[in-house]
Amino acid sequence: MTQRTIPQLFETSVEKYGTNILLWEKRGEKYQGTTYRETRAMVHEFAAGLLGIGIQKGDRVALIAEGRNDWVISELGILYAGAINVPLSVKLNEQSELKFRLAHSGCRMAIVSSTQAYKVQQLKNKPPRP
């Protein structure tokens with residue numbers, strides 16, 4: 001049996017359904033659609049950005065964000081870059097729990113939404129314990 005990856009399956013879907021809407025998101029008062037091809041372009045750009053800042057195959061990248069289009073694009077971008085997504089719940093509010101999960105997962109970086117950034121920023125600004 002041939003191994004199939006999520007990026008391969010996504011590419012097949014883009015080829016079949018390129019002009020169809022894949023993602024919907026409310027912007028302002030109305031929902032706007034993003035096609036498979038438009039999504040792929042954003043995923044490629046995001047993956048290139050990750051590679052450009054030094055993310056390498058096998059690196060672990062935390063993803064802390066609400067389930068929105070940006071989450072999907074980030075997840076796919078991580079996979080396209082060859083990295084491993086470490087999805088973390090937005091419900092993690094205890095700093096010690098978040099710190100534990102980030103440390104023990106071996107993440108090189110964290111991608112966070114604007115509403116979740118303060119959680120990681122608080123960890124960054126916290127002095128290490130002796």
Side-chain angles (χ1 to χ4, degrees):
M1 181 174 183
T2 305
Q3 255 187 329
R4 298 187 313 183
T5 65
I6 291 172
Q8 288 170 336
L9 292 170
F10 180 63
E11 288 294 332
T12 299
S13 294
V14 172
E15 293 310 313
K16 286 183 183 178
Y17 312 110
T19 58
N20 291 0
I21 301 294
L22 171 64
L23 302 170
W24 288 96
E25 189 163 79
K26 191 171 186 179
R27 295 187 187 122
E29 292 299 313
K30 56 192 264 190
Y31 283 88
Q32 293 181 348
T34 305
T35 67
Y36 279 83
R37 282 193 190 120
E38 291 168 335
T39 302
R40 178 174 60 186
M42 289 185 273
V43 168
H44 286 178
E45 188 174 344
F46 190 79
L50 291 174
L51 294 169
I53 61 171
I55 294 299
Q56 299 175 3
K57 183 177 181 174
D59 284 346
R60 288 172 177 79
V61 178
L63 179 55
I64 310 167
E66 298 74 20
R68 301 180 50 165
N69 291 1
D70 288 341
W71 192 95
V72 173
I73 292 162
S74 297
E75 163 109 49
L76 286 169
I78 291 166
L79 298 176
Y80 269 66
I84 299 165
N85 182 27
V86 179
L88 297 175
S89 174
V90 295
K91 295 180 181 180
L92 283 173
N93 289 319
E94 287 291 324
Q95 284 187 354
S96 60
E97 181 68 18
L98 181 58
K99 184 176 182 177
F100 175 84
R101 290 181 189 217
L102 288 170
H104 285 81
S105 65
C107 289
R108 268 195 73 204
M109 70 175 289
I111 298 167
V112 298
S113 64
S114 60
T115 59
Q116 300 298 311
Y118 74 95
K119 294 176 182 179
V120 175
Q121 192 66 38
Q122 287 174 342
L123 293 177
K124 182 180 172 188
N125 293 332
K126 208 172 205 173
R129 289 186 173 184

TODO: Please examine the side chains of E45 and R40, heavy atoms only from C-beta on, and report whether any two atoms are closer than 4.5 Å.
DONE: no
Open item on the list: Applying side chain to side chain contact (heavy atoms under 4.5 Å, CB included) to V61 and I84, what does each step give before you reach the verdict?
Closed with: CA-CA 6 Å; V61 178; I84 299 165; over 6 Å; no
Open item on the list: Regarding E11 and K16, does a basic nitrogen lie under 4.0 Å from an acidic carboxylate oxygen?
Closed with: no
- [ ] Verify the cluster assignment for L51 and I6: are they in a single hydrophobic cluster under the rule of side-chain heavy atoms below 4.5 Å apart?
- [x] no
TODO: Over all heavy atoms of both residues, which pair between A83 and I55 is shortest? Give the atoms and the distance, please.
DONE: CB-CG2, 3.8 Å
- [ ] In plain terms, say whether E97 and K99 are close enough for a salt bridge, that is, a side-chain N and a carboxylate O under 4.0 Å apart.
- [x] no
TODO: Give the C-alpha distance, both sets of side-chain angles, the deciding distance and a yes or no for side chain to side chain contact (heavy atoms under 4.5 Å, CB included) between T5 and L79.
DONE: CA-CA 9 Å; T5 65; L79 298 176; over 6 Å; no
- [ ] May I ask you to decide if D59's main-chain N or O and R108's side chain share a donor-acceptor pair within less than 3.5 Å?
- [x] no
- [ ] Kindly check if the number of other-residue, nucleotide or ligand heavy atoms within 6.0 Å of OH (Y118) is above 12?
- [x] yes
Open item on the list: Please report the interatomic distance CZ(R60) to SG(C107), rounded to the nearest 0.5 Å.
Closed with: 8.0 Å
Open item on the list: Around atom CD1 of I21, are there more than 12 heavy atoms from other residues, nucleotides or ligands closer than 6.0 Å?
Closed with: yes
Task: Closest non-hydrogen atom pair, L63 against S74 - done: CD1-CB, 3.8 Å
- [ ] Look only at the side chain of Q116 and the backbone of I64, and say whether a donor-acceptor pair between them is shorter than 3.5 Å.
- [x] no
Open item on the list: Tell me whether E38 contacts the main-chain N or O of T35 through its side chain, where contact means a donor paired with an acceptor under 3.5 Å.
Closed with: yes
- [ ] Just do the side chain to side chain contact (heavy atoms under 4.5 Å, CB included) check on M109 and I53 with the steps written out, would you?
- [x] CA-CA 10 Å; M109 70 175 289; I53 61 171; 3.9 Å; yes
Task: Minimum heavy-atom distance between A62 and L102, given as atom pair plus value - done: CB-CD2, 3.5 Å
Open item on the list: If hydrophobic clusters are built by linking Ile, Leu, Val, Met, Phe, Trp and Tyr wherever their side-chain heavy atoms come under 4.5 Å apart, do Y31 and W71 end up in the same one?
Closed with: no
Task: Rounded distance [0.5 Å steps], CG in N69 versus NZ in K26 - done: 14.0 Å
Open item on the list: Around atom CD of E25, are there more than 12 heavy atoms from other residues, nucleotides or ligands closer than 6.0 Å?
Closed with: yes
- [ ] Report yes or no: do L23 and L9 belong to one cluster of Ile/Leu/Val/Met/Phe/Trp/Tyr joined by side chain heavy-atom distances under 4.5 Å?
- [x] no
TODO: Find the distance between CG (L22) and OH (Y17) and round it off to the nearest 0.5 Å.
DONE: 11.5 Å
Task: L50 side chain reached by I111 side chain, heavy atoms, under 4.5 Å - done: yes
Open item on the list: Do L123 and F100 sit in one hydrophobic cluster, given that two such residues count as connected whenever their side-chain heavy atoms are within less than 4.5 Å of each other, even indirectly?
Closed with: no
- [ ] Could you tell me the separation between the CZ atom of F46 and the CD1 atom of I78, rounded to the nearest 0.5 Å?
- [x] 6.0 Å
- [ ] Indicate yes or no for a side-chain donor-acceptor contact from K119 to the backbone of L98 under 3.5 Å, with no hydrogens or angles considered.
- [x] no
- [ ] Quick one: sort the F10 and Y80 rings into parallel, tilted or perpendicular, breaks at 30° and 60°.
- [x] perpendicular
Task: Pairwise distance NE2(H44) to CE(M42) - rounded to 0.5 angstrom - done: 12.0 Å
Open item on the list: Membership question, hydrophobic clusters at under 4.5 Å side-chain separation (ILVMFWY): are L92 and V112 in the same one?
Closed with: yes
TODO: Could you tell me the separation between the OG atom of S13 and the CZ atom of R37, rounded to the nearest 0.5 Å?
DONE: 12.5 Å
